[in-house]
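As the structure is a computational prediction, the values presented were derived from the model and not from experiment. In what follows, chains are A, B, ... by sequence order, proteins preceding strands, each numbered from 1.
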Amino acid sequence: MIVADKKPIEEIVQEIEDVKSLLIAGCNECVTVCEAGGKKEVGILASALRMYYLNKGKDVKVDEVTLERQCDHEYLEEIRDMVERYDAIVSIACGVGIQFVAEQYPKMRVYPGVDTCFMGATEKRGLWVERCQGCGQCVLAKTGTVCPITRCAKRIMNGPCGGSTKGMCEISQEIECAWQLIIDRLAALGRLDEYEKLFPIKDWSTDRAGGPRKVVREDLQQ
Amino acid sequence: MRLQYPTNINIIRVPCTGKVDIIHILRAFEKGADGVYAVGCLEGDCHFNTGNLRARKRVEQAAKILDTIGIGGQRVQMRNLSSGEGPLFVEYAKEMVELIRELGPNPLKKAKAEIKKRENAA
Ligand code: SF4
Ligand code: SF4
């Protein structure tokens with residue numbers, strides 16, 4: 001899922017000091033799971049903002065809505081009738097959702113209420129970890145299912161580098177060396193012979209190096 | 001034991017302080033409460049293991065929000081006692097009333113009144 005973190009309220013209010021009405025829009029998907037942008041967080045942010053404005057002597061209407069998804073036109077369409085009633089929208093979906101709201105409603109002022117961080121998983125409640133950077137050409141088959149693009153600070157394909165020490169990465173004592181993990185996993189699988197094979201040069205054009213990306217599936221398009 | 005505790009405290013019963021969420025605390029302030037405190041069982045004694053610990057964290061988070069928006073985080077507190085400690089309950093209640101007296105009323109009440117006054121004048 002996409003992992004996001006709450007933006008400090010101080011930062012959010014800077015952009016919306018002047019509004020008379022505001023819609024806080026949450027999303028029922030990833031950001032609900034990572035407790036940054038679901039219905040519950042919408043309620044908390046809206047309540048905090050209502051009190052913030054009131055305390056400054058301002059009469060600002062702050063309403064709440066949580067969509068099934070913000071990264072889909074059809075769900076965004078559901079709020080068409082209500083958006084016009086507001087001066088601005090604070091979206092607490094991931095960065096994708098926030099931009100899609102703005103694309104759907106080009107005349108609306110739309111602001112982010114979260115910091116979108118990465119694609120990851122819930123290690124435990126309150127701890128989310130990055131696992132994939134969407135490189136566009138998955139190499140997990142060759143690396144014991146540990147992603148070197150995401151988990152190696154240098155994104156090297158034939159590791160480890162000289163900085164790997166006692167299983168930890170040279171950039172931090174708290175980050176495991178991805179290549180140590182790869183070797184350990186391959187060893188556990190009895191497939192260390194895979195490790196002996198040199199990785200060819202990776203085609204980075206499917207990663208960010210090729211600019212913004214698209215997946216086109218003509219078989220699905222109408 | 002028939003003990004008298006301050007009458008300006010409104011008790012809201014919950015099955016466990018773990019039920020208390022940030023939004024409940026914030027809503028109380030939105031509705032004009034001058035202070036909120038959660039009274040849970042002693043730490044380590046929660047029937048549901050961690051309810052009172054969660055409550056403490058939520059109280060802390062609510063306090064942070066209230067500080068940020070200028071209402072004052074001190075107005076929300078967490079207290080722990082065992083169910084047999086009636087006198088301590090009274091003591092906590094008195095302490096809380098004392099604290100709120102020092103801090104003064106919820107500033108939102110004044111702000112609301114001023115907005116209303118402005119509206120009536122216009
Ligand atoms: S190799 Fe690429 S697609 Fe596969 S997990 Fe890593 S970043 Fe994601
Ligand atoms: S120590 Fe390991 S994870 Fe860190 S940069 Fe080197 S190979 Fe990558």
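- Heavy-atom contacts from other residues, nucleotides or ligands closer than 6.0 Å to NZ of Lys109(B) number more than 12.
- Lys40(A) touches chain B through its side chain: at least one heavy atom from C-beta onward sits under 4.5 Å away, while N, CA, C and O do not.
- Asp21(B) touches chain A through its side chain: at least one heavy atom from C-beta onward sits under 4.5 Å away, while N, CA, C and O do not.
- Side-chain atoms of Met51(A) and Leu66(B), non-hydrogen and from C-beta on, do get closer than 4.5 Å to each other.
- For a residue to count as touching a neighbouring chain, one of its non-hydrogen atoms must lie under 4.5 Å from one of that chain's; by this rule Glu114(B) does not touch chain A.
- Distance alone, capped at 3.5 Å, places no donor-acceptor pair between the Arg27(B) side chain and the Ile44(A) backbone.
- Rounding to the nearest 0.5 angstrom, the gap separating the CD1 atom in Ile23(B) from the NZ atom in Lys39(A) is 11.0 Å.
- The distance from atom CD1 of Ile71(B) to atom CG of Leu54(A), rounded to the nearest 0.5 Å, is 7.5 Å.
- With a 4.5 angstrom heavy-atom cutoff, Ile25(B) does not touch chain A via any of its atoms.
- Using a 4.5 Å cut-off between non-hydrogen atoms, the part of residues 1-32 of chain A that approaches chain B consists of Ile9(A), Glu10(A).
- To the nearest 0.5 Å, atoms OG (Ser47(A)) and NE2 (His24(B)) are separated by 11.0 Å.
- Residue Glu130(A) places its CD atom among more than 12 non-hydrogen atoms of other residues, nucleotides or ligands, all under 6.0 Å distant.
- Atom NZ of Lys61(A) has more than 12 heavy atoms from other residues, nucleotides or ligands within 6.0 Å.
- Residue-environment remark: NZ (Lys58(A)) exceeds the threshold of 12 foreign heavy atoms within 6.0 Å.
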**Request:** Report the C-alpha distance between Arg50(A) and Leu26(B) in whole Å, list the side-chain angles of each, state the deciding distance to 0.1 Å, and finish with yes or no for side-chain contact (heavy atoms from CB on, under 4.5 Å).
**Result:** CA-CA 10 Å; Arg50(A) 273 193 292 269; Leu26(B) 296 184; over 6 Å; no

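- A donor-acceptor contact shorter than 3.5 Å links the side chain of Asn55(A) to the backbone of Gly70(B).
- Summarising the local packing, CZ of Arg213(A) is surrounded by more than 12 heavy atoms from other residues, nucleotides or ligands at distances under 6.0 Å.
- In Glu77(A), the CD atom is crowded: over 12 heavy atoms of neighbouring residues, nucleotides or ligands sit closer than 6.0 Å.
- Only the side chain of Ile115(B) comes within contact range of chain A, judged by heavy atoms closer than 4.5 Å.
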